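Read through the structure below, which is laid out as structure tokens, and then see the notes.
All values reported here derive from a predicted model rather than from experimental measurement.
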Amino acid sequence: MTDQKSVSSHLKIAIEDYDYRIRTFVPCYEEMLDEVEKLAGVSLGDHPTVLDLGIGTGAFSERCLRLRPQSRLIGIDSDPEMVAIALDRLKAAAEIDLRCVSFLDAELPPVDLIGGVLSLHHVPEAEAKRGLYLRCRRALSRGGPFLMADCFPPRDPDLSAGGWASWRRHLEQTYAPEETSAYFEAWSWEDTHFSLEDELLWLDQAGFQTEVTWRKDLFAVICCT
């Protein structure tokens, strides 16, 4: 994550409630995790090194560890509360290296797979995101994939409006309409959602071949090789 408020402050929740509450905030959260786990499963060797950008509470890394118990995990996140939870969650890893720093500033070492799950929308500027993608491409010199799951609105305004309305309906299954509006207002100060078309262009410019393997409303999973 970039230099921002803590996740608990950003989402206005207790940090220990994150894994439950994220499912009330993000539509199809489990579907996206299942998709990136499936993609990782066909890519990982026996003893891979996995880099998790914005590791959060470690949900994606845990999936990788389940697939390959001998994985070496490198997690980067600027929120010390999240790093502490991830460290406890992933303590069974053969080797784990968690770094409390922005992934825009951190060195990205050579790895076999990179994951960015609901973290890259914290990059606020197009130039910074393009630079990050170039650095990810260099870190994957061994030929592994970069797996992304996030909100990527379509460029078409009508499709985008429909997607935002669908997201609002998801929140209103749990929260009152005024609470939902307050959440969207608060998130708009720190979250930046570039269009799917722009993201694919920048990834292509960084040297990746891309495939959108899953998509629903505003959300998508992109496999970059």
Between CD on residue Glu199 and NE2 on residue His121, distance to nearest 0.5 Å
11.5 Å

Roughly how far, to the nearest 0.5 Å, is CG of Leu113 from CG of Leu51?
9.0 Å

Between His170 and Thr174, does a side chain to side chain contact (heavy atoms under 4.5 Å, CB included) hold up when you go through it step by step?
CA-CA 8 Å; His170 174 79; Thr174 306; over 6 Å; no

Chi angles and distances behind the side chain to side chain contact (heavy atoms under 4.5 Å, CB included) call for Asp204, Thr210:
CA-CA 7 Å; Asp204 177 73; Thr210 60; 5.8 Å; no

A cation-pi test, strictly: NZ or CZ of Arg137 under 6.0 Å from the centre of the six-membered ring of Phe208 and no more than 45 degrees from its axis. Yes or no?
yes

Give the minimum heavy-atom separation between Gly58 and Leu90, together with the two atoms involved.
O-CD2, 3.9 Å

same_hphob_cluster(Val212, Leu159) at 4.5 Å side-chain heavy-atom cutoff
no

One thing to verify: whether Arg63 and Glu30 come together as a salt bridge, which I'm taking to mean a side-chain N less than 4.0 angstrom from a carboxylate O.
yes

Rounding to 0.5 Å, atoms CD1 (Ile96) and CG (Leu87) come to a distance of 5.5 Å

Sub-4.5 Å side-chain heavy-atom contact between Leu132 and Leu104:
yes

Minimum heavy-atom distance Ala86-Gly56, with the two atoms named:
CB-O, 3.4 Å

Scanning both residues in full, the closest heavy-atom pair of Asp156 with Asp158 reads OD1-N, 3.0 Å

Tell me whether Arg99 is salt-bridged to Glu107, with the criterion being a basic N under 4.0 Å from an acidic carboxylate O.
no

The side chain to side chain contact (heavy atoms under 4.5 Å, CB included) partner of His47 among Arg72, Gln70, Arg68 is Gln70

Rounded at 0.5 Å granularity, tell me how far CG in Leu196 sits from SG in Cys151.
10.0 Å

Heavy-atom closest pair (Arg89 atom, Ala59 atom, distance to 0.1 Å) is NH1-N, 3.6 Å

What verdict does the side chain to side chain contact (heavy atoms under 4.5 Å, CB included) test give for Thr49 and Glu95, after you've listed the backbone C-alpha separation in whole Å, the side-chain angles of each residue and the deciding distance to 0.1 Å?
CA-CA 9 Å; Thr49 298; Glu95 185 177 354; over 6 Å; no

Flag for Tyr133-Gln205: side-chain donor and acceptor within less than 3.5 Å:
no

May I ask you to decide whether Arg130 forms a salt bridge with Glu127, counting only side-chain N to carboxylate O separations under 4.0 Å?
yes

Spatial distance of atom CZ (Arg138) from atom CZ (Arg135) [nearest 0.5 Å]
7.5 Å

pair Cys28-Glu35: side-chain heavy atoms closer than 4.5 Å:
no

Determine, using the 4.5 Å side-chain heavy-atom cutoff (strictly less than), whether Leu200 and Leu120 are members of one ILVMFWY cluster.
yes

Quick one: does Asp198's side chain get under 4.5 Å of Lys129's, heavy atoms only?
no

State, with a plain yes or no, whether a side-chain heavy atom of Tyr18 is found less than 4.5 Å away from one of Ile85.
no

Would you say that Ile114 contacts Leu53 through its side chain, given a criterion of any heavy-atom pair below 4.5 Å between the two side chains?
yes

Any side-chain heavy-atom pair from Leu140 and Val111 closer than 4.5 angstrom?
yes

Taking the side chain as every heavy atom from C-beta outward, state whether Leu65 and Val50 have any atom pair closer than 4.5 Å.
no

Heavy-atom pair of closest approach, residues Glu190 and His122
O-ND1, 4.0 Å

Heavy-atom pair of closest approach, residues Ala139 and Pro109
CB-O, 3.4 Å

Applying the ring pair (Phe, Tyr, Trp, His ring centres under 6.0 Å) test to Phe219, which of Trp167, Tyr29, Phe152, Trp214 qualifies?
Trp167

What's the verdict on side chain to side chain contact (heavy atoms under 4.5 Å, CB included) for Ser160 and Trp164, showing C-alpha distance, side-chain angles and the deciding distance?
CA-CA 6 Å; Ser160 182; Trp164 286 107; 3.4 Å; yes

Taking Arg169 first and then Asp217, would you say they form a salt bridge - that is, a charged N and a carboxylate O separated by under 4.0 Å?
no

With rounding to the nearest 0.5 Å, note down the distance linking CZ in Phe184 to OG1 in Thr180.
7.0 Å

For Tyr175 and Tyr183, I'd like to know if the aromatic rings sit close, meaning centre-to-centre distance below 6.0 Å.
yes

Report yes if the side chains of Pro145 and Leu39 come closer than 4.5 Å at any heavy-atom pair, otherwise no.
no

Over 60° means perpendicular and under 30° means parallel, so classify the ring planes of Phe25 and Trp187, tilted if in between.
perpendicular

